[in-house]
Every structure is written in structure tokens, then in C-alpha cells.
Amino acid sequence: MATEENNTSIVVFSGDLDKAIASFIIANGAAAMGGKVTMFFTFWGLNILRKENYVSPNKKGFMEKMFGKMMPQGPNRLGISKMNFGGLGSRMMKKVMKDKNISTLPKLMEMAKEMDVKIVACTMSMDVLGIGEDELIDGIDYGGVAAYLGEAYDSKHNLFI
Amino acid sequence: MATEENNTSIVVFSGDLDKAIASFIIANGAAAMGGKVTMFFTFWGLNILRKENYVSPNKKGFMEKMFGKMMPQGPNRLGISKMNFGGLGSRMMKKVMKDKNISTLPKLMEMAKEMDVKIVACTMSMDVLGIGEDELIDGIDYGGVAAYLGEAYDSKHNLFI
Amino acid sequence: MATEENNTSIVVFSGDLDKAIASFIIANGAAAMGGKVTMFFTFWGLNILRKENYVSPNKKGFMEKMFGKMMPQGPNRLGISKMNFGGLGSRMMKKVMKDKNISTLPKLMEMAKEMDVKIVACTMSMDVLGIGEDELIDGIDYGGVAAYLGEAYDSKHNLFI
């Protein structure tokens, strides 16, 4: 069991900028400490993994088109969970982070990849929200709840964000 | 300690449909993998356990009546945490799940019972929100924070949703 | 490893009254059971630790002033995560808790201190939101993600709230 002593699993359910930032800061910190880290993106969290300005060539139903249009595409489009004011709060937070030289979300995501944080997109949520693999960034894994639970039971530190 | 290696405890604080679905998918998956699973419903999460269209015969104070009327009664009445639009988003999500043959929340709750997932309603939250035992579905347990912590410390995998 | 068997770490990301109450009830319960308990306050959770009616003498930028003015100062000013209605829901919940003799948030925070629950403010979030140490209550610790992860890996029970 020694190997699992500093593994981390995080379910990223939220698609809010502030919670996404918190998720990656914890994930990257845990990876820097040498443990295996798995992030499992489900429901609104999938929006963090969406490509910007990408329109899927796949034929979609009405509902899927609706969800697809209304949900933010990628890390630069996310709102914050409080005081967003139609995007103003989100822009303010990004400006402050830039001014203070704190890594932005796209940068945190790059760092996660470099540190071999495992990014898994929840296939069932993709089905519900009508998101295809072509709409998500490259270099990620796909899995369901069994894949998640395998990682969670192999981890010392599990969070749902 | 071998026995606890794949036990799960989940605090279900949220009463949003999407988070309730995520909670039960994780709980049922964990139960299918053979571990003991406990779900502790507190605050808004109690609404998931409310009977539909039930009016309690108990005398209630003004506050309790207010909370009772305004909070959703049971799994079919819940909204989603984002893009609910007065219930439209919730109906859309339920329709998509039905079309794609994904289990709905009431079905997931039935499956949880069949797999012996332990459902516990938080007695302190019931007191705060003025919810009596008669208003909640049958076959559940009741407990406070000590009961929850006992399960959490006996689990490998703990989440707050 | 015996020592860590009932330690708890909680990331308090949310600044909602209902979630803050849940955090402290779990933390105090865990401390009463004899484990080491660490609460790590980050993002909106920092508002729980703010002094009431305090105006910092430090020179702040425009963004920091904005965030500082709009975010609630301390446990008596927090809203609830659902049905807040501009503060009405929050007042209702506090009244009900008082009527039913349930400890209020300020009381729960006092109890946490008495039981040696470790309160840590996230320094990176303080930087982002422009909150100085002088604005937070006394007797707390300061740290970053590494400090948090150290506690989390030393705990059996980890939550993100």
C-alpha cells in the first residue's frame, strides 16, 4: 500500500473558473510532491476541456446544440461561481492574477500535462451534454465511474470540486 | 483495516439534480465494487429524500412552512445547478437522459436501495429546515455528525457534494 | 500510521453561511473525536475569517477595493447558497437556529478554536482577492497549497466544501 500514500483523485464537477483554478493548483501541487494525480472531469467540468471556437461537424440533436451553444468553451470562457456579473468578475479575477504574476488557468493546465497529471473526461456526462471527443482538447483519457473509482480507491486524498 | 479498503462515504449537501445524479452514480458504482457505501443527506440534500406532494399534518411554525413550501419535494422536482432557467434546464436534462437510456434519479435511488447503500438523513438539518420524518421516504436511517464521522473514518473514499 | 487514523482536513472554498456551518460542525465533531483537524480557507471561504466593519489602512488597488467592498465581512454577513433572497433566507436560517438552540456560526468558530482546530488562510487567495492579514481574525495560520497537502496526506478524511 506504500505506493498510494500520496496519490490524489479529484472529481471536477464544476465548470466555474475559480473552482477550476483551485482544482489545478491542488492537482499540480500534489503532482509536484511526487504522487500520482487523476482529475476526473464530469458534467459542467467538461467545459474546462472544450476547445475554443470549435464547431463540431457531427450531426447533433436540438438539445445537444442548445447545451453546446450555451456552455462555455474552454478555460478562457469560464465565469466565476460568485460575483461574476455577466463575466465582469471573471475578467477582474484574470486581470488581478496576471498583474500579480499568478499562473492563469490555461498555464496551470499546461503545467498539469507536463507533470503527468492524468486528465479523464467522463463519458456518461459527454453523452448527456452531447459533447463529442472531437470537441475536447487532445491528450486526455476517457472513462466512466468504474475508472474513477479505481483511481479513488488507490488514492489517499480524494476531493469532489 | 482490510475491510475498509473500498468503503465510501458521501455527504450530499446539495439538492441540485445534477449533483444528486452524480452522487448516486458514484454511490452505486462503489456499491457494485463491493464496498460499504453511506450517503449522508444534509441541508438542501434532504430535499432529494422528500416525498412528492406530501403535506405534513404536523403543526409547523411560519419559517418551517416557508422553507417547506419553497424547497423542492423529491427527485422529480429538483433543479440543476447551472442553466436551470426556471426548470427548463432540468427538464431538458431529464429528457436527454431518457432519450439516451440513462437511468433517471428515481431509478438510481431504487438501485441504491437494492444494493444496500445506506441512506442517512441528518437530524440537525431536519430540525433547522423543519422537516419531519413523516415527510421523507421510507427505509432510511437518521443520524447526526457523529454517525457520519464514524462512517467516514471507516472509509477509504470520502466526498462532500 | 496509527496517528493519522482519525485526522481530518477540510478545504473551505465556499463563503456561504450554510456551507460554513456544515464545515464547522464536521470539524468540531472530528476534533471532539480526538483527531487532528485542519481547515484550509481559500477563495470565498476567506470571507468567513474577515473581521466585521474593518477598513484596512493599507493602500489598495481599484480591483482589491472592489472585491473588498463587495465581499461579506465575517460570519454574520454571509448569505446562504440557495434561497438567500438578498439576505432574507440567511436571516431566516439564523433565526430558526437561534430559536432551536443550535449554535450559530460565530459560536461554532469559537468552539473550533477551543478544541484546537487549526485554521489556515490560503495566502495565494489572499493575494488574488487583495485581503491582508490585518483584515482577518487573530489566532490563525497562513499557508499555501503545500501546507494544505501536507495535512491532507496526513489525514484519513479529506473534504472540499
Side-chain angles (χ1 to χ4, degrees), chain A residues 1 4-5 7-16 19 38 40-47 60-72 78-81 84 122-131 143-161, chain B residues 1-2 4-14 16-37 39 80-85 88-105 108 111 152 155-161:
Chain A
M1 288 296 152
E4 73 183 41
E5 281 308 309
N7 292 347
T8 288
S9 90
I10 303 176
V11 177
V12 185
F13 177 95
S14 165
D16 297 317
K19 291 193 175 175
T38 306
F40 188 77
F41 290 80
T42 185
F43 279 86
W44 318 109
L46 288 171
N47 293 327
K60 291 197 177 193
F62 174 72
M63 299 289 191
E64 293 176 331
K65 266 189 212 147
M66 283 281 286
F67 271 123
K69 278 214 176 151
M70 299 183 60
M71 295 189 306
L78 308 174
I80 54 178
S81 64
N84 194 44
C122 169
T123 46
M124 196 209 80
S125 300
M126 289 170 64
D127 204 18
V128 171
L129 298 176
I131 296 175
V145 68
Y148 161 65
L149 286 167
E151 299 292 352
Y153 286 132
D154 195 36
S155 297
K156 182 79 192 290
H157 175 225
N158 301 299
L159 301 176
F160 183 100
I161 297 185
Chain B
M1 286 296 153
E4 74 183 43
E5 280 309 307
N6 51 358
N7 293 346
T8 288
S9 90
I10 304 177
V11 177
V12 185
F13 178 96
S14 166
D16 297 317
L17 177 66
D18 43 357
K19 292 194 175 176
I21 290 170
S23 303
F24 276 96
I25 286 172
I26 294 171
N28 292 353
M33 286 170 74
K36 181 179 67 166
V37 182
M39 300 176 85
I80 55 178
S81 65
K82 295 277 165 185
M83 310 206 307
N84 194 45
F85 303 120
L88 181 64
S90 177
R91 281 203 301 280
M92 273 175 64
M93 185 164 285
K94 280 184 274 195
K95 186 178 176 337
V96 171
M97 290 179 74
K98 204 182 152 200
D99 291 350
K100 304 208 170 175
N101 237 341
I102 298 168
S103 301
T104 57
L105 182 54
L108 288 168
M111 288 162 64
S155 297
K156 182 79 192 290
H157 176 224
N158 301 300
L159 301 176
F160 184 101
I161 297 185

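Just so it is clear, the model here is predicted, and its values are computed rather than measured. Numbers restart at 1 for each chain; the letters A, B, ... are given by sequence-line order, proteins then strands.
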For this session: For A:Tyr153 and B:Lys156, work out which heavy atoms get closest and say how close.
Result: O-NZ, 2.7 Å

For this session: Looking only at non-hydrogen atoms, find the nearest pair between A:Leu149 and B:Ile26 and report the distance.
Result: CD1-O, 4.0 Å

Side chain, backbone, both or neither of [X] within contact of chain A (heavy atoms, under 4.5 Å):
X	answer
B:Thr8	both
B:Lys95	side chain
B:Ile21	side chain
B:Ile102	side chain
B:Asp18	both

For this session: Decide yes or no on side-chain contact (heavy atoms from CB on, under 4.5 Å) for A:Phe13 and B:Ser81, but give the supporting numbers first.
Result: CA-CA 11 Å; A:Phe13 177 95; B:Ser81 65; 4.1 Å; yes

Measure [X] against the heavy atoms of chain B and call it side chain, backbone, both or neither at under 4.5 Å.
X	result
A:Leu129	side chain
A:Val128	both
A:Ser14	neither

Problem set entry | Top of A:Met66, A:Met71, A:Met70 for chain B proximity - count of heavy-atom pairs under 4.5 angstrom | A:Met70

Exercise. Which residues satisfy the salt bridge (charged side-chain N to carboxylate O under 4.0 Å, His left out) test with A:Glu151, sequence neighbours excluded?
Worked result: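 Partners of A:Glu151 under the salt bridge (charged side-chain N to carboxylate O under 4.0 Å, His left out) test: A:Lys36, A:Lys118.
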
For this session: Return yes when atom NZ of B:Lys98 has more than 12 non-hydrogen atoms of other residues, nucleotides or ligands closer than 6.0 Å, and no otherwise.
Result: no

Problem set entry | Reported CD1-to-CG distance for the pair A:Ile161 and B:Leu159, which is rounded to 0.5 angstrom | 10.5 Å

For this session: Applying side-chain contact (heavy atoms from CB on, under 4.5 Å), run through B:Lys82 and A:Phe43 and close with a yes or a no.
Result: CA-CA 10 Å; B:Lys82 295 277 165 185; A:Phe43 279 86; over 6 Å; no

Exercise. Any chance the rings of A:Phe160 and B:His157 have centres within less than 6.0 Å?
Worked result: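 Here the rings of B:His157 and A:Phe160 have centres that are no less than 6.0 Å from each other.
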
